[in-house]
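Beneath this line is the structure, given in structure tokens, with notes to follow.
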Amino acid sequence: MDILSGLNAAQKQAVQTTEGPILIIAGPGSGKTRVITHRIAYLVKTCGVSPDRIIAVTFTNRAAREMKERLEDLLGASVTDLTLGTFHAICARILRQRGQDIGIDRNFVIYDDEDQLNLMKQAIVDCGLDPKRYSPRAFLSAVSAAKSQIITPQQYGERAQSQFEKFVHQAYQRYQQSLAICKALDFDDLLVKAVELFNQSPETLSRYQSRYLHVLVDEFQDTNIVQYTFTKQVAGRYRNVCVVGDPDQSIYTWRQADIRNILSFEKDFPDARVFLLEQNYRSTKRILNTAQSIVSVNVQRKPKELWTENEEGSPISVVESYDEEEEARFVAAEVERLLKEGKTTLKECAVMYRVNAQSRALEEAFLRYGIPYRLVGGTRFYQRREIKDILAYLKLIDNPHDNVSLKRVINAPARGIGQRTVDSLWQWAKGSGMSVFDALALVGDASGGSPFTGRAQHALAEFNTLVRNLTDKSKTLNATDTIDLVLDQTNYKNYIMDDEDGEERWENILELRTVARQYNSSGSNGGLSSFLEGVTLVSEADTYDDKENVVTLITLHQAKGLEFAVVFIVGMEEKLFPHARAFDNVSEMEEERRLCYVGITRAKKLVYLVHAQRRTFLGATTANPPSRFIDDIPSDMIKTILTSPVASVSNWGPPLQSFVPQTDAIERARIRLDLHPGDHVRHTKFGEGVVVGFSAARGDEEITVAFKDVGMKRLLLAYAHLEKVE
């Protein structure tokens, strides 16, 4: 296969320029993944570079799998020698190989978000603080931010000024001590410790620098400081570093992503070559022009002009609804209309929103209409109770010093070990300077200071025996057989079958066994560690299934990297999107604008921007104006739609007749009411009032009414539900 076949001029240049630092600014839908894979194939097939001298870093396992599949098609052979994966997976691999140089146990466990939260909660308690008053999530976020900037506990303490920061410093220290005791690393530590390894072991750094002749990083705009530091370390010898990204798609500041990395790349590498991928293969001209009109307002960006040979396309539909319920009904009805007219399929439709809680009204509407949907961001498979329990047993087998996993399963299934006994065990172990696992072995030794007697002592001793037997028997088993061993020895199936949803929970466990088969290795439990690492590093994007024929409900942040024929963005109102917290921060407002750009450019054919006149959300009812982002769109790009309140919760009516064109709704209201200033009207909620006047409002007409009880109100005429009082 000709590696350069099918590439446009800019893509060919980016592929064929193989020496020195390279920055590829790749707009949405511009063939970014195609360029990266063809570049690797070009290095191997044309330049004769051995695959084991190339490292390619992605941000999701899903992206890594896609890249690997494309490379195998291009090269016609396996690319197992290529180092390809996420930052976290690659760093974990390096630490397992050489982490002992800085005191990291080869069998370390990786703590996921819930594990980290539990450990931080315990750290807060150990510091004499109340976790109900001091949020473990807030403390964990502060620690994660520090680690992303490679700030140690000691350095954090030196910089701490507020009382909150001083408390975080104490918890940070204790949290790291607890991780060490558990022989565990959290997600951030995988990166921080890899950088630390390279800093403290010049021999190790030299080894990896010598090996990797070419370094490629995808989604570079999403890197944080520690990830960029790692990249520069690995590429330090040959400087053949190729980074690919788009500043206009930098939307993860809350994950500590630093847009300055991509904006300042040319300062760090003055000899860098820059290539712009501006031709879009995904969207219509109108969609691209709309997205660019919104993001071009930003200052923190690298100018580029997206263009496409695709059709002009339909105008952007700006839809105004009365409230969130009507907004959701419009989306459901419009999806149904598009389906009946053969314009799309369910899986080609996505509904995007700024905040997860917005999905509630949408789910209710889709259920009411009988439209199948997938909610991305619900309870993840690996976060389900039964899955977490089995994984905790497996982690304990792999690393008995994992206190978080031990605490999770010490009484699951119930074995007579209450919370008071657990707390006593932890305090005794801590006071004696032992790990909890070591303390378990001594619960029957009164001479060793064991505080346990009677039933508690017996129950703890039995659990100790169970864990040690599982550990011994698993040494000759593969990952799947080890799961079966745990299920058999703990009688876990009977334990969950007592639940109302026991069958579903059991099916989830069987699915976990299916996943484990991919990691089985004969003759040893070596596959267990790989399995545990693999499932811990799975992200939401990795589990997304684009083959299921359902509508996708998803946050704008989670939609990054996906594409659909039809995109609805709901909640397009000030203080929701853009989010309220961005109003006093220029950088955050720019990120909100980038987020809108990302959402719109997910679409191939149709875009609907939907906003509500009023919204009851998170316990409060607000009436915010339409999003400023809508005002940035040229008027000739927009088609305005006003939903009609004909459909109601009690009387839905035929879905395709529930929403009528804006002009029809206004005209009906005029004819029905025949209102003039001075007329008396009645509103179902506000009571009686007097019409003060009318004014134009986004293609509708706004009526101002002075109500007796609530004062002056301005209402959209088509929405007002007013009754004229003669």
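Not measured: the values here are computed from a predicted model. All values below were derived from every heavy atom in this structure, side-chain atoms included, with hydrogens, water molecules and symmetry-related copies excluded.
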Before you tell me yes or no, could you show the steps for Asp113 and Arg137 under salt bridge (Lys or Arg N to Asp or Glu O under 4.0 Å), namely the whole-Å CA-CA distance, both residues' side-chain angles and the distance that decides it to 0.1 Å? CA-CA 10 Å; Asp113 183 71; Arg137 173 66 66 190; 2.9 Å; yes
List the residues meeting side chain to side chain donor-acceptor pair (under 3.5 Å) with Arg455, not counting sequence neighbours, and say none if there are none. none
So do Ser148 and Leu191 actually touch side chain to side chain, heavy atoms under 4.5 Å? no
Residue among Ile110, Asn61, Leu190 satisfying side chain to side chain contact (heavy atoms under 4.5 Å, CB included) with His88: Leu190
Pairing residues for Thr622 by the side chain to side chain donor-acceptor pair (under 3.5 Å) criterion, not counting sequence neighbours: none
So Phe198 and Tyr208, would you call those rings parallel, tilted or perpendicular, with 30° and 60° as cut-offs? tilted
Is there a donor in the side chain of Thr555 and an acceptor in the side chain of Asn356, or the other way round, less than 3.5 Å apart? no
Between Val241 and Phe269, does the side-chain contact (heavy atoms from CB on, under 4.5 Å) criterion hold? Intermediate values first, please. CA-CA 10 Å; Val241 55; Phe269 296 91; 4.0 Å; yes
Check: Gln122/Asn118 side-chain N/O donor and acceptor closer than 3.5 Å: no
Criterion side-chain contact (heavy atoms from CB on, under 4.5 Å) on Phe531 and Leu512, from CA distance to verdict: CA-CA 10 Å; Phe531 167 63; Leu512 184 68; 3.7 Å; yes
Taking atom types as modelled, is there a side-chain donor on Asp402 or Tyr111 under 3.5 Å from an acceptor on the other? yes
Just by distance, no angles: are the side chains of Gln221 and Glu219 close enough, under 3.5 Å, to form a donor-acceptor pair? yes
Indicate yes or no for a side-chain donor-acceptor contact from Arg106 to the backbone of Gln100 under 3.5 Å, with no hydrogens or angles considered. no
Is the gap between the ring centers of Phe164 and Phe139 under 6.0 Å? yes
Do any N or O atoms from the side chain of Asn261 and from the backbone of Asn224 form a donor-acceptor pair under 3.5 angstrom? yes
Run Glu591 and Arg594 through salt bridge (Lys or Arg N to Asp or Glu O under 4.0 Å) and show every step you take. CA-CA 5 Å; Glu591 181 156 333; Arg594 293 195 293 269; 3.6 Å; yes
Quick one: closest heavy-atom pair of Ala235 and Val215, and the distance? CB-CG2, 3.9 Å
Examine Arg628 relative to Phe583 and say whether NZ or CZ is less than 6.0 Å from the centre of the six-membered ring and inside a 45° cone about the ring axis. yes
Could you tell me whether a side-chain N or O of Asp258 sits under 3.5 Å from a main-chain N or O of Ile225, the two making a donor and an acceptor? no
Taking CG in Asp130 as the centre, count heavy atoms belonging to other residues, nucleotides or ligands within less than 6.0 Å. Is the count above 12? yes
Pairs satisfying ring-ring contact (aromatic ring centres under 6.0 Å, His included), at least one member in residues 393-413, at least two apart: none
Residue from Gln173, Arg174, Gln177 passing side chain to side chain contact (heavy atoms under 4.5 Å, CB included) with Pro153: Gln173
Might you confirm whether atom NZ of Lys575 has over 12 heavy atoms from other residues, nucleotides or ligands at distances under 6.0 Å? no
Check: Gln200 and Asp101 side chains under 4.5 Å, non-hydrogen atoms: no
Would you please indicate if the ring centroids of Tyr228 and Phe220 are separated by under 6.0 Å? yes
Walk me through it: do Arg354 and Glu592 pass the test side-chain contact (heavy atoms from CB on, under 4.5 Å)? CA-CA 9 Å; Arg354 179 63 180 81; Glu592 293 290 301; 2.8 Å; yes
Is the closest side-chain donor-acceptor distance between Asp186 and Tyr175 under 3.5 Å? yes
After noting the C-alpha distance and the side-chain angles of Val226 and Phe87, does the key distance pass the side-chain contact (heavy atoms from CB on, under 4.5 Å) rule? CA-CA 10 Å; Val226 66; Phe87 274 105; over 6 Å; no
